[in-house]
Amino acid sequence: MNKKSIKDVDVKGKRVFCRVDFNVPMSEGKITDETRIQAALPTIKYLVEGGAKVILASHLGRPKGEVVEELRLTPVAERLSELLGKNVAKADEAYGENVQAKISEMADGDVLVLENVRFYAGETKNDPELAKEFAELADLYVNDAFGAAHRAHASTEGVAKHLPAVAGLLMEKELEVLGKALSTPERPFTAIIGGAKVKDKIGVIDNLLDKVDNLIIGGGLAYTFVKAQGHEVGKSLLEEDKIDLAKQFMKKAEEKGVKFLMPVDVVVADDFSNDANTKEVDIDSIPSDWEALDIGPKTRELFQATIKDSKLVIWNGPMGVFELDAFANGTKAVAEALADATDTYSVIGGGDSAAAVEKFGYADKMSHISTGGGASLEFMEGKELPGVTALNDK
Ligand SMILES: Nc1ncnc2c1ncn2[C@@H]1O[C@H](COP(=O)(O)OP(=O)(O)OP(=O)(O)O)[C@@H](O)[C@H]1O
Ligand SMILES: O=C(O)[C@H](O)COP(=O)(O)O
């Protein structure tokens with residue numbers, strides 16, 4: 001990585017404004033998945049042990065510039081305190097006099113969690129005044145929020161203009177793993193792209209076609225490709241305006257010598273529910289009033305065999321509606337194959353695929369699960385991440 005990290009600077013006695021991604025799923029005031037808090041611990045511990053005054057900033061949800069009681073970071077600060085085994089202070093604001101006063105009382109190694117930065121309208125607008133307010137609080141800026149690095153916001157980008165700005169350990173690891181995978185991949189290199197819409201994956205498919213040996217397409221977006229191949233898709237997800245693009249992608253794959261793998265059979269249902277009537281059909285036999293909600297058994301085998309023969313696999317997006325048990329087998333089969341393929345370096349591109357791997361109990365068998373959904377997708381598209389660009393070069 002050509003950006004400075006916390007290992008390149010002295011943190012002792014410094015007030016450190018550390019942007020983390022504590023955007024965790026919550027239900028009735030309880031954290032339902034603390035992966036992102038766990039993922040931020042190495043940097044927080046490094047700063048604590050290094051004698052910094054650790055000021056943590058994060059967003060939670062999308063409160064749109066207003067205080068939303070359910071989106072306060074208080075439960076996160078409480079959980080962090082348990083995980084660190086030490087007192088963690090919490091501010092009810094993210095800058096200003098009260099926060100300054102709290103910081104002035106901090107001893108080296110103390111931790112303070114600021115309030116949700118998205119309670120201020122200036123955050124998502126990347127307001128320079130808000131960025132300056134954040135900078136006023138600290139001597140050093142650390143960005144460990146890989147999950148929010150694709151956002152040019154005041155706490156992810158603007159603040160870096162006013163302070164020495166370096167990456168945290170999670171940020172560094174994410175960039176190293178994803179960067180290495182895309183620049184010097186071990187081969188055969190396979191990308192598995194699923195999820196709901198072609199529209200969301202155009203950039204990533206286009207960029208990966210320049211890099212991979214095999215491209216596997218599954219999930220709801222596959223049916224636009226199936227239609228482009230000339231098959232009927234019934235009531236399956238279809239983006240009519242992307243059929244031509246799907247054809248172009250298949251042509252590009254052929255020109256580049258990329259093996260393009262699509263579902264050869266599917267599980268169709270007469271309703272979008274666990275109780276629907278279902279059947280397995282070949283890809284050229286989707287009934288007109290049924291929808292394909294998962295890949296079928298032959299496809300599972302085909303995809304699993306390709307995974308087994310790969311040295312590196314990047315996976316983004318489920319193969320079917322994995323939230324419903326009746327349509328989870330395809331996604332489960334991919335997760336299982338990755339878990340079994342001990343010689344294969346497996347990179348899970350965050351979001352729903354990460355949730356699926358967790359759900360099926362294979363998380364600890366994966367080589368790397370990214371904490372970024374949108375961020376990892378933009379990285380795989382080859383886009384610059386503003387939160388990374390803003391950091392100081394080595
Ligand atoms: N065949 C299908 N028909 C309808 N929906 C599907 C199908 N296959 C998968 N999905 C749905 O796609 C959704 C996931 O796609 P989406 O593009 O939102 O997430 P993702 O690809 O994991 O991206 P992110 O990383 O941003 O979460 C899931 O909710 C899943 O149920
Ligand atoms: O959950 C995420 O992907 C990140 O925390 C970014 O959140 P956002 O999409 O609300 O900016």
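Counting convention: from 1, in listed order, for ligands and their atoms alike. Just so it is clear, the model here is predicted, and its values are computed rather than measured. Hydrogens, waters and symmetry mates are skipped; everything else that's a heavy atom, side chains included, is used.
The protein atom (non-hydrogen) at minimum distance from atom 23 (O) of ligand 1 is Lys201 NZ, 4.0 Å. Protein heavy atom at the shortest distance from atom 5 (N) of ligand 1 is Val321 CG2, 3.6 Å.
Residue Leu377 places every heavy atom at 4.0 Å or more from ligand 1. Under a 4.0 Å heavy-atom criterion, Gly374 is not in contact with ligand 1. Taking a 4.0 Å cut-off on heavy atoms, Glu291 fails to register as neighbouring ligand 1. The shell of residues lying under 4.0 angstrom from ligand 1, judged by heavy atoms, excludes Phe327.
More than 12 heavy atoms of other shown residues, nucleotides or ligands fall within 6.0 angstrom of atom CD in Gln304.
The side-chain contact (heavy atoms from CB on, under 4.5 Å) test with Lys252 singles out one residue from Ile205, Asp206, Leu215, and that residue is Asp206.
Nearest-residue assignment for atom 1 (N) of ligand 1 (options Ala292, Ala269, Gly320; heavy-atom criterion): Ala292.
Looking at Ser155 and Arg19, their side chains do bring a donor and an acceptor atom within 3.5 Å of each other. A donor-acceptor pair shorter than 3.5 Å cannot be found between the side chains of Glu136 and His162.
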When you check ligand 2 against the protein, what N or O pairs turn up below 3.5 Å? List the atom names and distances, or just say none.
residue, atom, partner, partner atom, Å
ligand 2, 1 (O), Asn23, ND2, 3.0
ligand 2, 1 (O), Arg36, NH1, 3.0
ligand 2, 1 (O), Arg36, NH2, 3.3
ligand 2, 5 (O), Asp21, OD1, 3.2
ligand 2, 5 (O), Asp21, OD2, 3.0
ligand 2, 5 (O), Asn23, ND2, 3.0
ligand 2, 5 (O), Arg36, NH1, 3.3
ligand 2, 5 (O), His59, NE2, 3.1
ligand 2, 7 (O), His59, NE2, 3.2
ligand 2, 9 (O), Arg62, NH2, 2.6
ligand 2, 9 (O), Arg151, NH2, 2.8
ligand 2, 10 (O), Arg62, NE, 2.8
ligand 2, 10 (O), Arg62, NH2, 3.3
ligand 2, 10 (O), Arg118, NH1, 2.8
ligand 2, 11 (O), Arg118, NH2, 2.7
ligand 2, 11 (O), Arg151, NE, 2.6
ligand 2, 11 (O), Arg151, NH2, 3.3

